[in-house]
Amino acid sequence: MASALSAFRVSISRIGPFRARQFSYPVTSALAHTKRIMCTSSQHSVSSSSTSPSDTSPSPYVSLMETNEKWRWRPMCLYYTHGKCTKMDDPAHLEVFNHDCSKELPVTAAHLEKKKPQEFDFFLVLDLEGKVEILEFPVLIVDARTMEVVDLFHRFVRPTKMSEQAINKYIEGKYGEVGVDRVWHDTAIPFKQVVEEFESWLAEHGLWGKETDGTLNDAAFVTCGNWDIKTKIPEQCVVANINLPEYFMEWINLKDVYLNFYEREARGMVSMMKQCGIRLMGSHHLGIDDTKNITRVVQRMLADGAVFKITARRSKSNMRNVEFLFKNRIK
(Lines give C-alpha, C1' and ligand atoms only; values in the text may rest on other atoms or scores of the structure.)
Protein backbone atom coordinates (compact mmCIF):
# COMPACT_ATOMS: atom_id res chain seq x y z
CA MET A 1 0.00 0.00 0.00
CA ALA A 2 2.94 2.33 0.63
CA SER A 3 4.11 1.90 -2.96
CA ALA A 4 0.55 2.47 -4.15
CA LEU A 5 0.32 5.80 -2.32
CA SER A 6 3.74 6.73 -3.68
CA ALA A 7 2.51 6.12 -7.22
CA PHE A 8 -0.51 8.28 -6.50
CA ARG A 9 1.70 11.14 -5.25
CA VAL A 10 3.78 10.93 -8.45
CA SER A 11 0.62 11.25 -10.52
CA ILE A 12 -0.52 14.26 -8.50
CA SER A 13 2.90 15.90 -8.80
CA ARG A 14 2.49 16.04 -12.57
CA ILE A 15 -0.53 18.30 -12.34
CA GLY A 16 0.13 21.85 -13.55
CA PRO A 17 -1.50 24.96 -12.05
CA PHE A 18 -4.10 25.13 -14.84
CA ARG A 19 -4.84 21.41 -14.88
CA ALA A 20 -6.03 21.48 -11.31
CA ARG A 21 -8.31 18.53 -11.90
CA GLN A 22 -6.29 16.21 -14.10
CA PHE A 23 -7.51 12.67 -13.65
CA SER A 24 -5.23 9.65 -13.65
CA TYR A 25 -7.23 6.50 -14.37
CA PRO A 26 -5.13 3.99 -12.45
CA VAL A 27 -4.39 5.42 -9.05
CA THR A 28 -3.13 1.88 -8.47
CA SER A 29 -4.57 -1.52 -9.24
CA ALA A 30 -4.22 -2.39 -5.53
CA LEU A 31 -6.50 0.45 -4.48
CA ALA A 32 -8.88 -0.39 -7.30
CA HIS A 33 -9.27 -3.99 -6.21
CA THR A 34 -9.75 -2.88 -2.61
CA LYS A 35 -12.60 -0.58 -3.58
CA ARG A 36 -14.21 -3.11 -6.00
CA ILE A 37 -14.79 -0.50 -8.67
CA MET A 38 -13.34 -2.20 -11.71
CA CYS A 39 -15.12 -3.92 -14.56
CA THR A 40 -14.25 -7.57 -15.04
CA SER A 41 -10.87 -7.60 -16.84
CA SER A 42 -10.56 -3.85 -16.28
CA GLN A 43 -7.64 -2.10 -14.62
CA HIS A 44 -8.80 1.49 -14.87
CA SER A 45 -9.63 3.00 -11.52
CA VAL A 46 -9.84 6.22 -9.55
CA SER A 47 -9.14 7.38 -6.02
CA SER A 48 -12.10 8.26 -3.87
CA SER A 49 -10.12 11.30 -2.74
CA SER A 50 -10.64 13.03 -6.11
CA THR A 51 -12.28 16.43 -5.84
CA SER A 52 -14.90 17.88 -8.12
CA PRO A 53 -14.40 20.82 -10.50
CA SER A 54 -16.17 23.07 -7.99
CA ASP A 55 -13.34 22.47 -5.51
CA THR A 56 -10.86 24.38 -7.67
CA SER A 57 -10.41 28.15 -7.65
CA PRO A 58 -13.11 30.14 -9.45
CA SER A 59 -12.60 31.31 -13.02
CA PRO A 60 -13.58 34.69 -14.46
CA TYR A 61 -15.79 32.66 -16.79
CA VAL A 62 -18.17 29.88 -15.83
CA SER A 63 -18.05 26.84 -18.10
CA LEU A 64 -21.32 25.30 -19.17
CA MET A 65 -20.39 22.15 -17.31
CA GLU A 66 -20.00 23.92 -13.99
CA THR A 67 -23.53 25.35 -13.90
CA ASN A 68 -24.72 22.14 -12.28
CA GLU A 69 -23.32 22.50 -8.78
CA LYS A 70 -24.68 19.17 -7.54
CA TRP A 71 -22.97 17.17 -10.26
CA ARG A 72 -19.52 15.65 -9.61
CA TRP A 73 -17.17 14.96 -12.51
CA ARG A 74 -16.29 11.30 -12.95
CA PRO A 75 -14.26 9.54 -15.68
CA MET A 76 -16.13 7.62 -18.35
CA CYS A 77 -16.11 3.85 -18.03
CA LEU A 78 -14.22 2.97 -21.20
CA TYR A 79 -15.55 -0.57 -21.20
CA TYR A 80 -19.04 0.92 -21.29
CA THR A 81 -18.25 3.06 -24.34
CA HIS A 82 -17.34 -0.18 -26.11
CA GLY A 83 -20.43 -2.02 -24.86
CA LYS A 84 -18.40 -4.28 -22.56
CA CYS A 85 -18.99 -2.98 -19.05
CA THR A 86 -19.83 -5.84 -16.66
CA LYS A 87 -20.35 -3.68 -13.57
CA MET A 88 -23.60 -1.89 -14.36
CA ASP A 89 -25.19 -3.53 -11.29
CA ASP A 90 -22.28 -2.61 -8.98
CA PRO A 91 -23.11 0.57 -6.97
CA ALA A 92 -19.44 1.10 -6.11
CA HIS A 93 -18.49 1.10 -9.79
CA LEU A 94 -21.38 3.37 -10.76
CA GLU A 95 -20.41 5.79 -8.00
CA VAL A 96 -16.91 6.18 -9.42
CA PHE A 97 -17.40 5.92 -13.19
CA ASN A 98 -19.66 7.94 -15.47
CA HIS A 99 -21.81 6.11 -18.03
CA ASP A 100 -23.59 9.12 -19.54
CA CYS A 101 -21.37 11.73 -21.19
CA SER A 102 -24.27 14.18 -21.57
CA LYS A 103 -24.12 14.80 -17.81
CA GLU A 104 -20.66 16.31 -18.25
CA LEU A 105 -21.88 18.80 -20.86
CA PRO A 106 -25.19 20.26 -19.62
CA VAL A 107 -26.91 23.26 -21.21
CA THR A 108 -29.44 25.64 -19.66
CA ALA A 109 -31.86 28.11 -21.24
CA ALA A 110 -29.51 30.98 -20.37
CA HIS A 111 -26.87 29.52 -22.66
CA LEU A 112 -29.22 29.82 -25.66
CA GLU A 113 -29.92 33.55 -25.38
CA LYS A 114 -27.17 34.68 -27.80
CA LYS A 115 -27.10 31.56 -29.96
CA LYS A 116 -27.39 32.12 -33.73
CA PRO A 117 -29.03 29.83 -36.33
CA GLN A 118 -26.59 27.32 -37.81
CA GLU A 119 -26.15 25.88 -41.30
CA PHE A 120 -26.11 22.35 -39.88
CA ASP A 121 -28.44 20.53 -37.52
CA PHE A 122 -25.67 18.54 -35.85
CA PHE A 123 -21.94 18.79 -35.24
CA LEU A 124 -19.74 15.72 -34.99
CA VAL A 125 -16.84 16.62 -32.71
CA LEU A 126 -13.87 14.37 -33.51
CA ASP A 127 -10.39 14.14 -32.01
CA LEU A 128 -8.19 11.22 -33.06
CA GLU A 129 -5.23 9.81 -31.14
CA GLY A 130 -2.21 8.05 -32.64
CA LYS A 131 0.70 9.27 -34.74
CA VAL A 132 1.95 6.08 -36.41
CA GLU A 133 -1.56 4.67 -36.84
CA ILE A 134 -4.88 5.75 -35.37
CA LEU A 135 -5.31 4.33 -31.87
CA GLU A 136 -8.52 6.00 -30.75
CA PHE A 137 -11.60 7.22 -32.63
CA PRO A 138 -14.03 9.26 -30.47
CA VAL A 139 -16.95 11.31 -31.82
CA LEU A 140 -19.61 13.33 -29.98
CA ILE A 141 -22.86 14.42 -31.64
CA VAL A 142 -23.86 17.96 -30.60
CA ASP A 143 -27.33 19.26 -31.45
CA ALA A 144 -26.73 22.62 -33.17
CA ARG A 145 -30.07 23.97 -32.01
CA THR A 146 -30.04 22.99 -28.33
CA MET A 147 -26.23 22.63 -27.93
CA GLU A 148 -26.86 19.37 -26.06
CA VAL A 149 -24.83 16.21 -26.52
CA VAL A 150 -26.91 13.59 -28.31
CA ASP A 151 -24.63 10.57 -28.24
CA LEU A 152 -21.04 9.33 -28.09
CA PHE A 153 -19.16 6.94 -30.37
CA HIS A 154 -15.84 5.69 -29.01
CA ARG A 155 -13.55 2.94 -30.25
CA PHE A 156 -9.96 2.03 -29.59
CA VAL A 157 -8.26 1.07 -32.86
CA ARG A 158 -5.81 -1.79 -33.33
CA PRO A 159 -3.00 -0.94 -35.80
CA THR A 160 -2.99 -2.87 -39.07
CA LYS A 161 0.68 -3.00 -40.05
CA MET A 162 2.48 -3.04 -36.70
CA SER A 163 3.86 -6.15 -34.97
CA GLU A 164 2.42 -7.19 -31.60
CA GLN A 165 5.70 -6.26 -29.92
CA ALA A 166 5.60 -2.79 -31.47
CA ILE A 167 1.93 -2.39 -30.56
CA ASN A 168 2.56 -3.33 -26.92
CA LYS A 169 5.40 -0.82 -26.64
CA TYR A 170 3.38 1.83 -28.44
CA ILE A 171 0.30 1.38 -26.23
CA GLU A 172 2.30 1.23 -23.01
CA GLY A 173 3.92 4.54 -23.88
CA LYS A 174 0.72 6.17 -25.10
CA TYR A 175 -1.90 4.95 -22.64
CA GLY A 176 0.07 3.37 -19.79
CA GLU A 177 0.57 6.66 -17.99
CA VAL A 178 -3.17 7.36 -17.85
CA GLY A 179 -3.94 3.72 -16.98
CA VAL A 180 -6.12 2.66 -19.90
CA ASP A 181 -3.61 0.38 -21.67
CA ARG A 182 -5.44 -2.73 -20.39
CA VAL A 183 -8.77 -1.37 -21.59
CA TRP A 184 -7.24 -0.66 -24.98
CA HIS A 185 -5.96 -4.23 -25.34
CA ASP A 186 -9.33 -5.65 -24.28
CA THR A 187 -11.42 -3.56 -26.69
CA ALA A 188 -9.34 -2.37 -29.69
CA ILE A 189 -10.56 -3.46 -33.13
CA PRO A 190 -9.20 -2.92 -36.69
CA PHE A 191 -9.86 0.43 -38.36
CA LYS A 192 -12.02 -1.15 -41.06
CA GLN A 193 -14.36 -2.52 -38.41
CA VAL A 194 -14.37 0.84 -36.61
CA VAL A 195 -15.53 2.55 -39.82
CA GLU A 196 -18.27 -0.04 -40.31
CA GLU A 197 -19.53 0.39 -36.75
CA PHE A 198 -19.26 4.17 -37.03
CA GLU A 199 -21.39 4.16 -40.18
CA SER A 200 -24.02 1.99 -38.48
CA TRP A 201 -24.03 4.47 -35.59
CA LEU A 202 -24.41 7.43 -37.96
CA ALA A 203 -27.27 5.63 -39.75
CA GLU A 204 -29.05 4.98 -36.44
CA HIS A 205 -29.09 8.74 -35.87
CA GLY A 206 -30.18 9.48 -39.44
CA LEU A 207 -26.96 11.30 -40.22
CA TRP A 208 -25.75 9.02 -43.02
CA GLY A 209 -27.02 6.30 -45.29
CA LYS A 210 -25.64 4.07 -48.05
CA GLU A 211 -28.58 4.96 -50.26
CA THR A 212 -27.39 8.59 -50.45
CA ASP A 213 -24.23 9.92 -52.07
CA GLY A 214 -22.26 8.96 -48.96
CA THR A 215 -22.14 12.44 -47.46
CA LEU A 216 -23.55 13.43 -44.08
CA ASN A 217 -27.16 14.48 -43.62
CA ASP A 218 -27.33 18.01 -42.15
CA ALA A 219 -24.20 17.41 -40.09
CA ALA A 220 -20.54 18.44 -40.18
CA PHE A 221 -17.37 17.28 -38.48
CA VAL A 222 -15.66 19.67 -36.08
CA THR A 223 -11.97 19.10 -35.36
CA CYS A 224 -9.34 21.09 -33.48
CA GLY A 225 -7.06 21.52 -36.49
CA ASN A 226 -6.96 20.03 -39.99
CA TRP A 227 -4.72 17.05 -39.25
CA ASP A 228 -7.41 14.55 -38.18
CA ILE A 229 -9.44 14.54 -41.40
CA LYS A 230 -7.07 16.16 -43.88
CA THR A 231 -4.11 13.92 -43.15
CA LYS A 232 -4.55 11.06 -40.71
CA ILE A 233 -7.81 9.47 -41.80
CA PRO A 234 -6.75 9.24 -45.48
CA GLU A 235 -3.42 7.73 -44.39
CA GLN A 236 -5.19 5.18 -42.21
CA CYS A 237 -7.57 4.25 -45.03
CA VAL A 238 -4.58 3.44 -47.24
CA VAL A 239 -3.01 1.31 -44.50
CA ALA A 240 -6.34 -0.48 -43.87
CA ASN A 241 -6.89 -0.94 -47.63
CA ILE A 242 -10.28 0.79 -47.70
CA ASN A 243 -11.61 3.73 -49.68
CA LEU A 244 -11.85 7.11 -48.02
CA PRO A 245 -15.53 7.56 -47.07
CA GLU A 246 -17.31 10.44 -48.80
CA TYR A 247 -18.30 12.02 -45.48
CA PHE A 248 -14.66 12.90 -44.85
CA MET A 249 -14.59 15.35 -47.79
CA GLU A 250 -15.19 18.48 -45.73
CA TRP A 251 -14.94 19.64 -42.13
CA ILE A 252 -14.88 22.58 -39.72
CA ASN A 253 -11.53 23.51 -38.20
CA LEU A 254 -12.43 24.93 -34.79
CA LYS A 255 -9.19 26.94 -34.68
CA ASP A 256 -10.23 28.95 -37.75
CA VAL A 257 -13.77 29.59 -36.51
CA TYR A 258 -12.37 30.60 -33.12
CA LEU A 259 -9.85 33.01 -34.71
CA ASN A 260 -12.45 34.74 -36.86
CA PHE A 261 -15.14 34.93 -34.18
CA TYR A 262 -13.12 36.10 -31.18
CA GLU A 263 -10.43 37.83 -33.28
CA ARG A 264 -7.70 36.21 -31.24
CA GLU A 265 -5.45 33.28 -32.00
CA ALA A 266 -5.42 29.96 -30.16
CA ARG A 267 -3.08 27.25 -31.41
CA GLY A 268 -4.79 24.36 -29.67
CA MET A 269 -7.52 23.10 -27.40
CA VAL A 270 -5.75 24.01 -24.16
CA SER A 271 -5.14 27.58 -25.36
CA MET A 272 -8.81 27.97 -26.27
CA MET A 273 -9.92 26.66 -22.89
CA LYS A 274 -7.54 28.96 -21.01
CA GLN A 275 -8.69 32.00 -22.97
CA CYS A 276 -12.34 31.11 -22.37
CA GLY A 277 -11.80 30.26 -18.71
CA ILE A 278 -12.91 26.65 -19.16
CA ARG A 279 -11.17 24.11 -16.96
CA LEU A 280 -9.52 21.12 -18.58
CA MET A 281 -11.18 17.90 -17.44
CA GLY A 282 -9.84 14.38 -17.67
CA SER A 283 -6.51 13.38 -19.20
CA HIS A 284 -5.07 15.44 -22.04
CA HIS A 285 -4.29 13.25 -25.10
CA LEU A 286 -6.82 10.64 -24.06
CA GLY A 287 -9.02 11.02 -27.12
CA ILE A 288 -12.39 10.67 -25.41
CA ASP A 289 -11.49 13.33 -22.83
CA ASP A 290 -10.05 15.70 -25.43
CA THR A 291 -13.20 15.31 -27.54
CA LYS A 292 -15.36 16.28 -24.58
CA ASN A 293 -13.13 19.24 -23.79
CA ILE A 294 -13.29 20.42 -27.41
CA THR A 295 -17.06 20.07 -27.18
CA ARG A 296 -17.02 22.43 -24.19
CA VAL A 297 -15.31 25.02 -26.38
CA VAL A 298 -17.89 24.42 -29.15
CA GLN A 299 -20.72 24.91 -26.66
CA ARG A 300 -19.14 28.11 -25.32
CA MET A 301 -18.73 29.53 -28.83
CA LEU A 302 -22.30 28.64 -29.79
CA ALA A 303 -23.53 30.27 -26.58
CA ASP A 304 -21.53 33.40 -27.44
CA GLY A 305 -23.14 33.59 -30.88
CA ALA A 306 -20.57 31.99 -33.19
CA VAL A 307 -21.76 30.52 -36.50
CA PHE A 308 -19.96 27.35 -37.58
CA LYS A 309 -19.20 27.04 -41.30
CA ILE A 310 -17.16 24.58 -43.34
CA THR A 311 -13.52 25.70 -43.30
CA ALA A 312 -11.91 23.04 -45.53
CA ARG A 313 -13.06 20.94 -48.48
CA ARG A 314 -11.28 18.15 -50.31
CA SER A 315 -11.20 18.05 -54.12
CA LYS A 316 -13.20 15.13 -55.54
CA SER A 317 -10.89 14.86 -58.53
CA ASN A 318 -7.76 14.72 -56.37
CA MET A 319 -8.21 13.74 -52.72
CA ARG A 320 -4.85 15.23 -51.80
CA ASN A 321 -5.95 18.72 -52.78
CA VAL A 322 -7.74 20.60 -50.01
CA GLU A 323 -9.27 24.04 -50.38
CA PHE A 324 -9.23 26.18 -47.24
CA LEU A 325 -12.28 28.42 -47.26
CA PHE A 326 -11.35 30.99 -44.61
CA LYS A 327 -8.96 33.75 -45.72
CA ASN A 328 -8.04 34.44 -42.12
CA ARG A 329 -6.97 31.07 -40.74
CA ILE A 330 -4.41 29.26 -38.58
CA LYS A 331 -1.57 28.01 -40.80
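Residue numbers count from 1 along this sequence.
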Using side-chain heavy atoms (C-beta onward) and a distance below 4.5 Å, is [X] in contact with [Y]?
X      : Y      : result
Leu152 : Ile288 : yes
Ile134 : Phe191 : yes
Trp201 : Val139 : yes
Asn253 : Lys230 : no
Leu207 : Tyr247 : no
Pro234 : Met319 : no

Next on the checklist: Check for me whether Arg158 meets the cation-pi criterion with Phe156, that is, NZ or CZ under 6.0 Å from the six-membered ring centre and within 45 degrees of the ring axis.
Outcome noted: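 Cation-pi check for Arg158 and Phe156: fails.
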Item to check | Donor-acceptor pair between Glu133 and Tyr170 side chains, under 3.5 angstrom | outcome: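 On atom types as modelled, these side chains do not qualify, holding no pair under 3.5 Å.
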Within the side chain of [X], is there an N or O that forms a donor-acceptor pair under 3.5 Å with the backbone of [Y]?
X      : Y      : result
His111 : Thr108 : yes
Trp251 : Asp228 : no
Glu136 : Gly287 : yes
Arg155 : Thr81  : yes

Item to check | Passing candidate, side chain to side chain contact (heavy atoms under 4.5 Å, CB included) with Arg296, options Arg279, Met272, Met269, Glu104 | outcome: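 For Arg296, the side chain to side chain contact (heavy atoms under 4.5 Å, CB included) test succeeds with only one of Arg279, Met272, Met269, Glu104, which is Glu104.
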Item to check | Residues Glu172 and Lys169 bridged, charged N to O under 4.0 Å | outcome: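 No, Glu172 and Lys169 are not salt-bridged.
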May I ask you to check whether over 12 heavy atoms, not counting those of [X], lie within 6.0 Å of atom [atom1]?
X      : atom1 : value
Asn241 : CG    : no
Asn168 : CG    : yes
Lys232 : NZ    : yes

Checklist entry - What is the distance from atom OG of Ser283 to atom CG of Asp289, rounded to the nearest 0.5 Å? => result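 Rounded to the nearest 0.5 Å, the OG-CG separation comes out at 5.5 Å.
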Item to check | Minimal non-hydrogen separation, Lys255 against Cys224, with atom names | outcome: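 Taking Lys255 first and Cys224 second, the nearest heavy atoms are CE-O, 3.7 Å.
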Item to check | Aromatic centroids of Tyr80 and Phe97 separated by under 6.0 Å | outcome: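 No; Tyr80 has its ring centre 6.0 Å or more from that of Phe97.
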